[in-house]
Structure formats: structure tokens, C-alpha cells
Amino acid sequence: MANRRVFSGARPTGKQHIGNYIGAIQNYVKLQEEFDECIYCVVDLHALASLQEAGDLHANSYEMVLDWLAAGLDPKKSIIFPQSRVSEVSELHVVLSMVTPLGHLFRVPTFKEKVRQQPDNVNYGLLGYPVLMTADIILYKADTVPVGEDQLPHLEFAREIVRRFNNTFGETFPEPHARLTTFARVMGIDGVQKMGKSLNNHIELSAAPQEVEKRVRSMMTDPARVYRTDPGHPEVCNVYSLHKFYSPERLEEIAADCRGAKIGCVDCKKMLATKLNASLDPFRQRRAEFAGDPNLVWDILTDGANRARAIAVETMAEVREKVGLA
Ligand code: TRP
């Protein structure tokens with residue numbers, strides 16, 4: 001396949017947190033250097049499937065994209081756009097639904113999870129979520145998809161749909177593959193669950209320095225370490241796991257000092273907060289600059305949608321021809 005294209009999507013969840021950054025955004029930024037073209041999509045249609053958690057789509061899209069830009073996504077290199085502004089994706093979703101085995105959809109883990117989470121609103125959109133996600137990716141013939149581990153079943157699903165489509169109508173789409181970050185998953189400050197806004201166990205990228213300190217101070221550490229003089233176990237400590245990302249140059253020293261009880265959890269957290277704030281400072285500055293121009297985000301999204309649509313229209317013309325629609 002000549003073109004090497006990246007596509008990823010994220011639900012508009014407003015201000016992003018360090019879990020989003022470590023798990024996804026930093027990868028988005030890096031891939032801009034490695035690939036001919038990267039497309040990053042605010043999947044607002046997907047968000048509609050869980051309306052109660054979607055909140056204000058407009059504001060949440062704006063805040064998320066502002067964070068993306070501040071983190072280094074460059075609209076000159078990448079296409080950044082809202083999913084709903086390229087309606088071809090909905091048409092492709094319908095066509096793909098005809099080669100989608102229903103049984104497979106019911107087995108998708110995220111669907112089962114949603115059924116548990118919102119038993120009163122098990123809508124078709126939830127079931128069809130992976131079909132729409134497949135449409136997202138292949139509408140742009142992307143072959144590389146930066147996502148978290150939890151999305152792997154969706155990509156496996158997408159490959160199956162691509163194979164079915166290609167077998168039925170002739171070779172059209174490349175099979176998309178996941179590109180995982182090396183950093184598996186970022187736990188929340190509770191140390192128990194994955195970092196997430198809805199659990200309020202997160203640290204926002206744009207949080208004020210004092211807020212970052214406060215949240216780091218409240219982080220769960222090694223539960224076996226009760227007294228300052230107890231030896232610590234960095235391998236089970238959530239503060240240490242963030243040091244891996246934010247203090248790579250001092251990692252061995254921190255681990256040894258923790259094991260030897262030379263530093264206490266309070267010291268260790270202070271170090272982390274300092275590192276974290278130092279890394280967030282330039283981000284906060286860029287964000288404030290970008291926010292000074294109220295049209296910036298919307299102009300970027302409009303331009304992105306135009307560029308995305310140009311590709312989508314071509315793919316849909318080919319799809320219509322392949323499946324025999326006039
Ligand atoms: N399902 C993804 C998530 O919940 C979001 C998403 C939608 C996506 N479409 C996509 C991710 C296409 C990658 C590619 O995080």
C-alpha cells in the first residue's frame with residue numbers, strides 16, 4: 001500500500017488529563033513525524049450513543065482540541081476535524097452494516113460493558129459503534145491506528161469487516177492495525193481504576209500548579225508502606241509508575257531510595273509534582289496563547305473537515321461503484 005496514513009478518533013471529553021496524554025496524545029504528536037498524513041477526529045457522532053456522559057458536545061470538542069494543539073498537534077501536518085462534519089462516514093456505515101455479522105457485534109466487549117453501564121438505554125448506536133468506527137478508519141484508507149489496549153477488539157473487528165468487504169466487492173480497503181503506546185495504562189490517583197474524568201481520579205493537563213500538587217498529594221501509594229521507616233515497593237506504587245514517565249533520568253535512584261526508606265511517600269510525591277508541573281508549564285502557556293484567539297479551534301476544525309471530506313468523497317465514489325450503486 002503506497003499511502004501510509006494514520007487515523008485516530010477520540011470522543012469529545014473536554015479538558016484532557018495526563019492519562020489521555022501518556023496513553024494517546026503523545027503518540028498522535030510523534031506519528032506526525034513518521035507518516036505522510038495523520039488524521040485526528042473528534043468522534044462526536046460516537047458520543048451521541050452515550051448522551052448522558054457526552055455533556056456539551058460543542059464545549060467538550062473545543063476544550064479537547066485546544067489541549068491537542070497545546071500538546072503539539074499541528075494542523076499544518078495533520079487533519080483535525082469533527083466526525084459529524086463529513087457525512088460520508090454515515091453512508092459508509094450503512095454500507096458496511098450489510099457485511100457485518102450481527103453475532104460478532106453482540107460479542108464485542110465494550111458493547112457488553114455499555115449494556116451493564118446503561119441498561120436503560122441499550123440503543124442501536126451502541127451495538128453499531130464498531131461499525132461506525134470501522135467506517136471512520138477506512139473512509140480514509142488509513143492503515144495505522146493509534147489507540148489504547150481497550151480498543152484492540154474494535155480493530156480486530158474492523159479488519160474482519162474489511163476482509164468481508166474486499167472479498168465481496170473486490171479489493172478496496174487496506175486492513176488497519178493498532179499502534180499501541182509503550183506505556184500500557186495510566187491509573188487514576190486512587191491507584192485502583194484507570195484514570196478517567198468520570199471517576200474524578202484524574203490530573204488535567206491544564207490544571208493550575210497548586211491543583212496538580214494537591215492531586216499528587218492525595219495519590220495512593222504502596223499500601224504496605226504504613227510508616228515512613230517501612231521499606232517501600234516501587235513496583236506496586238502508582239506514584240512511582242508516573243515517575244517512570246516524568247522522571248526517567250532519576251528512576252533508579254528513586255526506586256532505591258524508596259526501597260531503602262531513604263525517602264518517604266511525601267518526598268516522593270513532592271518530586272513528582274515538581275516534575276509534572278515543569279513538564280506542564282510550556283503546555284499551559286501554549287494553551288493560554290491559543291485560547292486567546294476564540295476562532296482558532298473552529299477555523300482549524302473547518303479546514304480539517306474540508307480536507308477530510310475531499311478524501312472521503314473519493315472513497316465513497318469508489319465504494320458506490322464497487323457495490324453497484326449508480
Ligand atoms: N472507540 C474509540 C474510543 O472510545 C474512539 C474512536 C472512534 C476511534 N472512532 C475511531 C479510535 C477510529 C480510533 C479510530 O476511544
Side-chain angles (χ1 to χ4, degrees), residues 5-14 16-17 19-28 31 35 37-51 53-55 57 60-61 64-65 67-68 73 78-90 92-93 96-97 100 105 108-114 117-118 125-162 173-181 184-186 194-198 202 304-305 308 311-312 315:
R5 198 176 265 162
V6 169
F7 184 99
S8 195
R11 276 167 294 126
T13 48
Q16 301 291 285
H17 54 68
N20 300 130
Y21 181 75
I22 298 172
I25 303 170
Q26 60 149 341
N27 215 12
Y28 292 3
L31 292 171
F35 283 80
E37 193 160 38
C38 297
I39 307 180
Y40 298 117
C41 180
V42 179
V43 296
D44 47 4
L45 289 170
H46 274 114
L48 290 177
S50 303
L51 249 196
E53 69 183 56
L57 287 178
N60 284 339
S61 301
M64 183 165 85
V65 172
D67 279 346
W68 284 0
L73 282 199
S78 300
I79 296 179
I80 305 171
F81 79 106
Q83 182 186 32
S84 62
R85 298 264 287 273
V86 178
S87 55
E88 280 74 10
V89 78
S90 299
L92 184 56
H93 169 249
L96 294 181
S97 74
T100 299
L105 285 177
V108 171
T110 43
F111 174 67
K112 295 194 210 161
E113 197 181 307
K114 280 290 175 189
Q117 277 172 12
Q118 52 184 68
L126 286 179
L127 186 68
Y129 189 108
V131 188
L132 183 57
M133 176 163 162
T134 304
D136 278 333
I137 300 166
I138 71 177
L139 185 55
Y140 305 98
K141 300 197 176 182
D143 52 15
T144 304
V145 185
V147 281
E149 242 169 355
D150 58 325
Q151 297 295 315
L152 292 179
H154 287 156
L155 276 163
E156 196 185 310
F157 175 89
R159 283 192 295 276
E160 186 189 330
I161 300 307
V162 164
F173 298 111
E175 288 187 26
H177 293 274
R179 174 73 85 91
L180 294 171
T181 41
R185 71 177 191 158
V186 179
K194 189 177 157 185
M195 188 174 283
K197 200 166 185 151
S198 57
H202 62 305
I311 304 170
T315 308

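Since we're looking at a predicted model, the values are computed, not measured. Atoms considered below: every heavy atom in the structure, side chains included; atoms not considered: hydrogens, waters and symmetry mates. Read the numbers this way: they start at 1 and go in the same order the structure lists the ligands and their atoms.
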Exercise. Identify the heavy atoms of S84 and D44 that sit nearest to each other, and give their distance.
Key: OG-OD2, 2.6 Å
Practice problem: Specify side chain, backbone, both or neither for H46, according to which of its non-hydrogen atoms lie closer than 4.0 Å to ligand 1. | Solution: side chain
Quiz item: With sequence neighbours left out, what residues match E88 under salt bridge (charged side-chain N to carboxylate O under 4.0 Å, His left out)?
Solution: none
Quiz item: How close does the nearest protein non-hydrogen atom get to atom 13 (C) of ligand 1, and which residue and atom is it?
Solution: G9 N, 3.4 Å
Quiz prompt | Distance from atom 10 (C) of ligand 1 to nearest protein heavy atom, with residue and atom | solution = M133 CG, 3.5 Å
Practice problem: Can you sort out which atoms of ligand 1 are near R11, meaning under 4.0 Å from one of its heavy atoms? | Solution: 4 (O)
Quiz item: Can you list the atoms of ligand 1 that are under 4.0 Å from a heavy atom of S8?
Solution: 13 (C), 14 (C)
Exercise. Using a strict 4.0 Å cut-off to heavy atoms of V43, name the atoms of ligand 1 that fall inside it.
Key: 7 (C), 9 (N)
Quiz prompt | Nearest heavy atoms of T100 and I161, plus distance in Å | solution = OG1-CD1, 3.7 Å
Quiz prompt | Residue, atom name and distance, where the atom is the protein heavy atom closest to atom 9 (N) of ligand 1 | solution = D136 OD2, 2.8 Å
Practice problem: Measure V147 to ligand 1 on non-hydrogen atoms and call it side chain, backbone, both or neither using the 4.0 Å cut-off. | Solution: side chain
Quiz item: Pick from S78, S8, P146: which one makes a side chain to side chain contact (heavy atoms under 4.5 Å, CB included) with L31?
Solution: P146
Practice problem: Can you sort out which atoms of ligand 1 are near V145, meaning under 4.0 Å from one of its heavy atoms? | Solution: 13 (C), 14 (C)
Quiz prompt | Where V162 and E175 come nearest, the two heavy atoms and their spacing | solution = CG1-CG, 4.0 Å
Quiz item: In terms of side-chain heavy atoms, does Q118 have a donor or acceptor partner in S50 at a distance below 3.5 Å?
Solution: yes
Practice problem: Measure the distance from atom 4 (O) of ligand 1 to every protein heavy atom, then report the residue, atom name and distance (to 0.1 Å) of the closest one. | Solution: Y129 OH, 2.9 Å
Quiz item: Under a 4.5 Å cut-off applied to non-hydrogen side-chain atoms, are L73 and Y40 in contact?
Solution: yes
Practice problem: Could you tell me which non-hydrogen atom of L105 sits nearest to which non-hydrogen atom of P130, and how far apart they are? | Solution: CD2-CG, 4.0 Å
Quiz item: Between D150 and ligand 1, which residue portion shows a heavy-atom distance shorter than 4.0 Å: side chain, backbone, both, or neither?
Solution: neither
Quiz prompt | Minimum-distance protein heavy atom relative to atom 2 (C) of ligand 1 | solution = Q151 OE1, 3.3 Å
